[in-house]
Peer 1: 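Quick one: the structure is below, and I'll ask about it shortly.
Every chain is numbered from 1, with letters handed out A, B, ... down the list of sequences. The figures here come from the full heavy-atom set of this structure, side chains too, leaving out hydrogens, waters and symmetry mates.
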Amino acid sequence: MAGMRNIIKKIVEDTYKELVKDGVLPDGEIGSGHLISVPKMEKHGDYASNFGLVMAASLKMPPRKLAEIMKNALSNNPDFQTIEVAGPGFLNFFFSNEFWQKRLLKIKKEGEAFGQGSEGAGKKVLVEFVSANPTGPLHVGHGRGAAVGDSLCRILKAAGFQVDSEYYINDVGNQMNTLGRSVYLRYQEYFGKEVEFPDECYKGEYIKEIAKEIAERHGDRFLHKDMEECLDFFTREAVDRIFAGIREDLDIFRVHFDNWFSEKTLHDSGYVEETISMLMDKGVIYEKDGALWFKTSEFGDEKDRVVKRSNGVLTYFAADIAYHRNKLERGYDMLVDIWGADHHGYVPRVKAAIEALGHDPKRLSVLLVQLVNLIEGGKLKAMSTRAGEFVTLRQVLDDVGVDATRFIFLTRKCDSHLDFDLDIARKQSQENPVYYVQYAHARLCSVFATARERGVEILPHSKIDLTLLKDPEEIRLMKFLVRFPEVVTASAVNLEPHRVSYFLTELAGMLHKYYTKHRFIGDDPELTQARLLLADVTRTVLKNGLTLLGVDAPEKM
RNA sequence: CCGCCCAUAGCUCAACUGGAUAGAGCAACGGACUUCUAAUCCGUAGGUUGGAGGUUCGAGUCCUCCUGGGCGGGCCA
């Protein structure tokens with residue numbers, strides 16, 4: 001179902017073209033500035049067009065006069081109850097009650113599919129997120145990226161895109177050695193050996209636990225071996241365990257990946273080397289001081305970057321170039337990378353790489369997710385990764401629950417810092433907005449439970465008199481429900497999941513208000529039938545929306 | 001020094017990519033349960049959108065400068 005705004009936009013623009021053809025209005029190009037919006041105030045209509053304002057200059061006419069001419073021509077359309085010219089030259093459209101009532105039936109028919117759109121039809125998208133190094137458990141910051149990425153995948157799918165989600169595993173490099181070394185040392189310590197624990201090693205408790213498990217399983221057979229000899233073993237053990245933990249955490253968090261992509265495979269297959277060769281052939285690689293440099297500055301980056309160090313080792317960036325080449329070669333039209341905001345300096349060089357490889361850098365969108373401040377007792381909780389002092393995602397999930405955590409992460413724009421107040425998140429009360437939405441859903445479910453108990457038979461649509469739904473609150477609710485698919489589409493196109501959660505909060509508010517003022521099940525059987533349909537549709541939209549956020553829609557609370 | 005992000009009610013955040021009188025929730029105060037769930041609703045109060053200019057029919061949103069906060073600027077990842 002095409003969004004209302006697109007429908008109206010087309011009607012307005014077609015009408016203009018008719019008027020041009022008839023010689024009523026001068027010809028002019030309709031720019032991208034023409035927008036259909038939902039006015040903030042009800043008296044400004046259900047939808048508004050800024051056509052008069054946008055076209056006034058090029059057509060050399062006063063905006064209000066232009067709007068007036070448009071209004072007269074548009075009034076032929078029976079769907080519009082009234083059209084007003086208002087303010088500096090807006091066209092305000094008011095639809096009839098019957099129009100909204102009919103829409104309600106359409107939503108009912110679409111059911112679970114309501115909200116889905118075709119904006120992304122035929123487009124393949126790869127969303128890469130979390131991609132945390134397997135050197136420790138996920139922390140709260142990763143959780144934010146996970147929630148945003150997972151929800152975005154759901155939303156993009158709903159908007160018609162073909163979506164794959166992917167976790168890029170950085171299983172190569174110094175950090176892997178550091179990890180293995182850390183476990184090795186803790187293993188030595190476990191058997192009472194005194195060791196010097198270097199500052200760059202991972203100091204978290206989980207390292208000790210891994211060392212302990214290895215000791216319990218393998219005894220002291222590595223105790224007298226050189227680190228060089230058994231480093232691979234310790235590294236592999238550590239990575240496997242940490243990864244198992246990460247996957248478990250993500251599973252609990254309802255975050256699922258289609259692919260787990262290992263950096264190591266890019267190196268092992270020679271794909272990274274091959275990619276660098278390709279760039280060399282294109283003449284964008286040069287040698288300096290014994291290292292290979294990529295001329296990213298020619299593609300808008302601040303300065304050139306090393307892809308191969310003078311010691312012959314490829315950089316992380318080299319692998320990342322190869323990785324993005326690989327993504328594009330897999331046939332994705334659009335790439336979405338979700339990174340922590342501390343990696344923002346990395347964006348220009350990856351875009352440079354994509355361009356140098358002959359692709360449009362606009363195919364990559366990088367979502368920079370800002371950091372999360374954990375607040376408890378009104379105070380900021382210190383987070384030091386190296387020192388191993390940080391609150392893990394798992395701890396937060398065990399503490400406040402998946403729904404509340406996801407909702408908090410998804411009720412904010414990505415590019416602003418997030419204060420995660422544990423005290424508020426913990427509260428199962430009105431302070432916590434997730435329950436506000438869930439409660440609306442649960443309330444509606446209990447309406448139907450009551451209807452069943454009282455033996456109210458739900459009639460087929462054809463026998464329901466929808467014109468009985470004419471109360472202002474009912475009309476308002478119907479209008480709002482109709483907007484859902486547009487919200488989903490806008491959320492997908494702009495890569496902003498928070499739009500869905502704000503929509504749901506507002507919808508829940510309307511429902512609660514209605515619930516307090518009116519009764520779904522009343523003495524009038526016909527009105528009851530009509531209202532139950534409204535309840536049913538509202539429940540569906542709430543559930544569809546919550547599903548996009550990965551939040552449960554409970555039937556009871 | 002340079003670059004990116006942020007700054008909106010006491011607090012946490014919105015504002016549909018430039019629209020009309022900037023909105024919610026929490027906190028504060030005052031009300032509403034004999035009813036399908038009061039995890040709710042109604043009302044009151046709360047603002048020079050950090051500051052100063054500029055762009056135009058119109059700016060929280062765009063451009064410049066300033067202030068304050070966050071993060072980057074390795075042949076680390």
Side-chain angles (χ1 to χ4, degrees), chain A residues 5 33 35-41 43-44 48 50 52-54 56-57 62-64 86-90 92 133 135 170 172-176 288-293 302-303 305-311 313 315-317 319-320 340-348 368 370-371 373 375 378 408 411-413 415-421 424 427-436 438-440 442-451 453-454 483 486-487 490-491 494 496 498-499 501-503 505-506 508-509 511-522 532 535 556-557:
Chain A
R5 287 159 65 185
L35 292 173
I36 305 300
S37 59
V38 178
K40 284 173 191 155
M41 276 176 293
K43 65 173 181 177
H44 289 148
N50 61 352
L53 294 156
V54 174
R64 283 196 66 109
F90 288 103
N92 293 341
N133 298 341
T135 54
N170 301 126
V172 176
N174 288 334
Q175 43 162 5
M176 287 297 99
K288 193 181 90 180
D289 305 327
L292 289 183
W293 297 70
E302 283 178 346
K303 52 187 167 190
R305 311 289 174 178
V306 170
V307 287
K308 192 180 224 172
R309 290 177 255 164
S310 51
N311 64 5
V313 178
T315 60
Y316 172 84
F317 178 44
D320 223 11
D342 51 337
H343 290 74
H344 71 260
Y346 212 75
V347 178
L368 296 168
Q370 288 289 344
L371 101 156
N373 291 318
I375 313 278
I408 289 167
T411 311
R412 257 118 206 173
K413 280 187 299 194
D415 51 10
S416 53
H417 293 215
L418 190 156
D419 286 336
F420 195 108
D421 193 318
I424 289 179
K427 280 186 202 166
Q428 305 220 339
S429 75
Q430 44 190 352
E431 277 180 79
N432 200 334
V434 67
Y435 301 113
Y436 186 78
Q438 290 186 317
Y439 184 49
R443 270 185 144 179
L444 289 169
C445 289
S446 91
V447 167
F448 283 95
T450 305
E453 275 172 31
R454 297 190 191 168
R483 280 160 55 186
E486 268 170 353
V487 172
S491 181
N494 294 292
E496 293 179 340
H498 78 274
R499 294 182 188 226
S501 72
Y502 273 91
F503 174 86
T505 306
E506 201 173 336
L511 184 274
H512 287 310
K513 188 177 193 152
Y514 183 84
Y515 188 98
T516 315
K517 194 165 174 184
H518 305 280
R519 301 191 60 73
F520 287 99
I521 304 165
L532 282 176
K556 273 184 192 167
M557 284 177 75

Peer 1: Given the P atoms of C63(B) and A22(B), what is the spacing between them in whole Å?
Peer 2: 24 Å

Peer 1: Is the distance from OP1 or OP2 of U21(B) to the nearest side-chain N or O of K43(A) less than 4.0 Å?
Peer 2: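 K43(A) to U21(B) OP1/OP2: no side-chain N or O under 4.0 Å.
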
Peer 1: Could you please name the partner base of C36(B), counting Watson-Crick and G-U wobble pairs only when both distances are under 3.5 Å?
Peer 2: none

Peer 1: Compare the minimum distances between each of G70(B), U12(B), A77(B) and the side chain of R412(A), then state the nucleotide with the smallest one.
Peer 2: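 Side chain of R412(A) sits closest to U12(B).
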
Peer 1: Report the distance from atom CG of L368(A) to atom C1' of C6(B), rounded to the nearest whole Å.
Peer 2: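 Whole-Å distance recorded here is 13 Å.
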
Peer 1: Suppose we define a pair by two distances each less than 3.5 Å, Watson-Crick or G-U wobble; what does U64(B) pair with here?
Peer 2: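 Its partner is A52(B) (Watson-Crick or G-U wobble, both distances under 3.5 Å).
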
Peer 1: Using Watson-Crick or G-U wobble geometry with both distances below 3.5 Å, tell me the partner of C13(B), or none.
Peer 2: G23(B)

Peer 1: Where the side chain of N50(A) is defined as all heavy atoms beyond and including C-beta, which of G3(B), G19(B), C13(B) is the nearest nucleotide?
Peer 2: G19(B)

Peer 1: Counting heavy atoms from C-beta on, name the nucleotide in G70(B), C16(B), C13(B) closest to the side chain of H417(A).
Peer 2: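 The closest nucleotide is G70(B).
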
Peer 1: Is the base of C33(B) syn or anti, where syn means the angle lies within 90° of 0?
Peer 2: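 C33(B): syn.
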
Peer 1: For the C1' atoms, the ones on U8(B) and on G68(B), what distance do you get once it is rounded to whole angstrom?
Peer 2: 16 Å

Peer 1: Select base, sugar-phosphate, or nothing to describe what E506(A) touches, counting heavy atoms under 4.0 Å on all strands.
Peer 2: nothing

Peer 1: What is the nucleic acid contact for R5(A), judged by heavy atoms within less than 4.0 Å: base, sugar-phosphate only, or nothing?
Peer 2: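 Base contact.
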
Peer 1: Take atom P in U49(B) and the same atom in C65(B), then report the distance between them in whole Å.
Peer 2: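 Here U49(B) and C65(B) have their P atoms 22 Å from each other.
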
Peer 1: Out of G73(B), C71(B), A15(B), which nucleotide sits closest to the side chain of D342(A)?
Peer 2: C71(B)

Peer 1: For atom P, what is the distance between U55(B) and G73(B), given to the nearest Å?
Peer 2: 39 Å

Peer 1: Round to the nearest Å and state the distance from Y316(A) atom OH to A77(B) atom P.
Peer 2: 9 Å

Peer 1: Contact class for Y346(A) vs. all strands (heavy atom < 4.0 Å): base, sugar-phosphate, or nothing?
Peer 2: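 Answer is base: heavy atoms of Y346(A) come under 4.0 Å of a base.
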
Peer 1: Is there a donor and acceptor pair, one atom on the side chain of S310(A) and one on the base of C75(B), closer than 3.5 Å?
Peer 2: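 Pair found.
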
Peer 1: Kindly point out which of C75(B), A38(B), U12(B) is positioned nearest to the side chain of Y515(A)?
Peer 2: A38(B)

Peer 1: Go through the steps for I408(A) and D421(A) under the test side chain to side chain contact (heavy atoms under 4.5 Å, CB included), then give the verdict.
Peer 2: CA-CA 10 Å; I408(A) 289 167; D421(A) 193 318; over 6 Å; no

Peer 1: Taking any heavy-atom pair under 4.0 Å as a contact, classify A490(A): base, sugar-phosphate, or nothing.
Peer 2: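 If one applies the 4.0 Å heavy-atom cut-off, A490(A) turns out to touch nothing in the nucleic acid.
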
Peer 1: Roughly, in whole Å, what's the span from CG in L511(A) to C1' in U40(B)?
Peer 2: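 Result: 10 Å.
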
Peer 1: Heavy atoms only, 4.0 Å cut-off, all strands: where does A48(A) land among base, sugar-phosphate and nothing?
Peer 2: base

Peer 1: Along nucleotides 54-59 of chain B, 5' to 3', which nucleotides get a B, which get an S, and which get a -, given that the test is a protein heavy-atom distance under 4.0 Å?
Peer 2: ---B--

Peer 1: Atom CG of D415(A) to atom C1' of G70(B): distance rounded to whole Å?
Peer 2: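 Rounded to the whole Å, the gap is 13 Å.
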
Peer 1: Just name whichever nucleotide pairs with A28(B), Watson-Crick or G-U, keeping both distances under 3.5 Å, else none.
Peer 2: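 When the pairing criteria are applied, U44(B) turns out to be the nucleotide that pairs with A28(B).
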
Peer 1: Using a heavy-atom cut-off of 4.0 Å across all strands, would you classify T411(A) as base, sugar-phosphate, or nothing?
Peer 2: sugar-phosphate

Peer 1: Using a 4.0 Å heavy-atom cut-off, does L418(A) contact any base of the nucleic acid, only the sugar-phosphate backbone, or nothing at all?
Peer 2: sugar-phosphate

Peer 1: What is the base-pairing partner of C71(B), counting Watson-Crick and G-U wobble geometry with both distances under 3.5 Å?
Peer 2: G3(B)

Peer 1: For F448(A), give me all partners under side chain to side chain contact (heavy atoms under 4.5 Å, CB included), at least two apart in sequence or on another chain.
Peer 2: R452(A), I458(A), L532(A), A535(A), D536(A), R539(A)

Peer 1: Looking only at the side chain of K40(A) (C-beta and beyond, no hydrogens), which of the listed nucleotides A77(B), A20(B), A14(B) gets closest?
Peer 2: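 Nearest nucleotide to the side chain: A20(B).
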
Peer 1: Answer with base, sugar-phosphate or nothing: what part of the nucleic acid does A451(A) contact at a heavy-atom distance below 4.0 Å?
Peer 2: nothing

Peer 1: Please determine, for the side chain of S416(A), which listed nucleotide (A14(B), G73(B), A20(B)) has the closest atom?
Peer 2: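 It is A14(B).
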
Peer 1: Say we look at C41(B) and C26(B): how far apart would their P atoms be, to the nearest angstrom?
Peer 2: 7 Å

Peer 1: Checking contacts here: which listed nucleotide (C75(B), C13(B), C36(B)) is nearest the side-chain heavy atoms of R309(A)?
Peer 2: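 In terms of side-chain proximity for R309(A), the closest of C75(B), C13(B), C36(B) is C75(B).
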
Peer 1: How many whole angstroms separate atom CD1 of I36(A) from atom P of G19(B)?
Peer 2: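 In whole Å, G19(B) P lies 13 Å from I36(A) CD1.
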
Peer 1: Select base, sugar-phosphate, or nothing to describe what D320(A) touches, counting heavy atoms under 4.0 Å on all strands.
Peer 2: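 It contacts nothing in the nucleic acid.
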
Peer 1: Show the distances under 3.5 angstrom between N or O atoms of the protein and N or O atoms of nucleotides 41-43 of chain B.
Peer 2:
residue, atom, partner, partner atom, Å
C41(B), OP1, Y436(A), OH, 2.4
C41(B), O4', T516(A), OG1, 3.2
C42(B), OP1, K513(A), NZ, 3.2

Peer 1: Check every strand shown and say whether D289(A) touches a base, only sugar-phosphate, or nothing at a heavy-atom separation below 4.0 Å.
Peer 2: base

Peer 1: Could you check which of G73(B), A20(B), C16(B) has an atom nearest any side-chain atom of H44(A)?
Peer 2: A20(B)

Peer 1: Both V313(A) and S37(A) contact RNA chain B. Taking the nearest nucleotide for each, which residue is further toward the 5' end?
Peer 2: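 By nearest-heavy-atom nucleotide position, the 5'-most residue is S37(A).
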
Peer 1: Could you state the NZ-P distance from K288(A) to G74(B), rounded to the nearest angstrom?
Peer 2: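 Atom-to-atom, K288(A) to G74(B), this comes out as 12 Å.
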
Peer 1: Using the C1' atom on both, measure C33(B) against A38(B) and round to a whole Å.
Peer 2: 6 Å

Peer 1: Is F90(A) stacked on the base of A20(B), meaning ring centres closer than 5.5 Å and planes within 30 degrees of each other?
Peer 2: yes

Peer 1: Sticking with atom P, work out how far C1(B) lies from U40(B), rounded to a whole angstrom.
Peer 2: 50 Å

Peer 1: Considering only A15(B), A77(B), U12(B), which nucleotide approaches the side chain of H343(A) most closely?
Peer 2: A77(B)

Peer 1: What interatomic distance, in whole Å, is found between C1' of G10(B) and the corresponding atom of C36(B)?
Peer 2: 38 Å

Peer 1: Given atom OH of Y502(A) and atom C1' of A14(B), what is their separation to the nearest angstrom?
Peer 2: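 Value for this atom pair: 5 Å.
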
Peer 1: Let me know the distance between NZ of K413(A) and P of U61(B), rounded to the nearest Å.
Peer 2: 12 Å

Peer 1: Reckon A56(A) touches a base, only the sugar-phosphate, or nothing at all at heavy-atom distances under 4.0 Å?
Peer 2: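 Here A56(A) touches no strand at all.
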
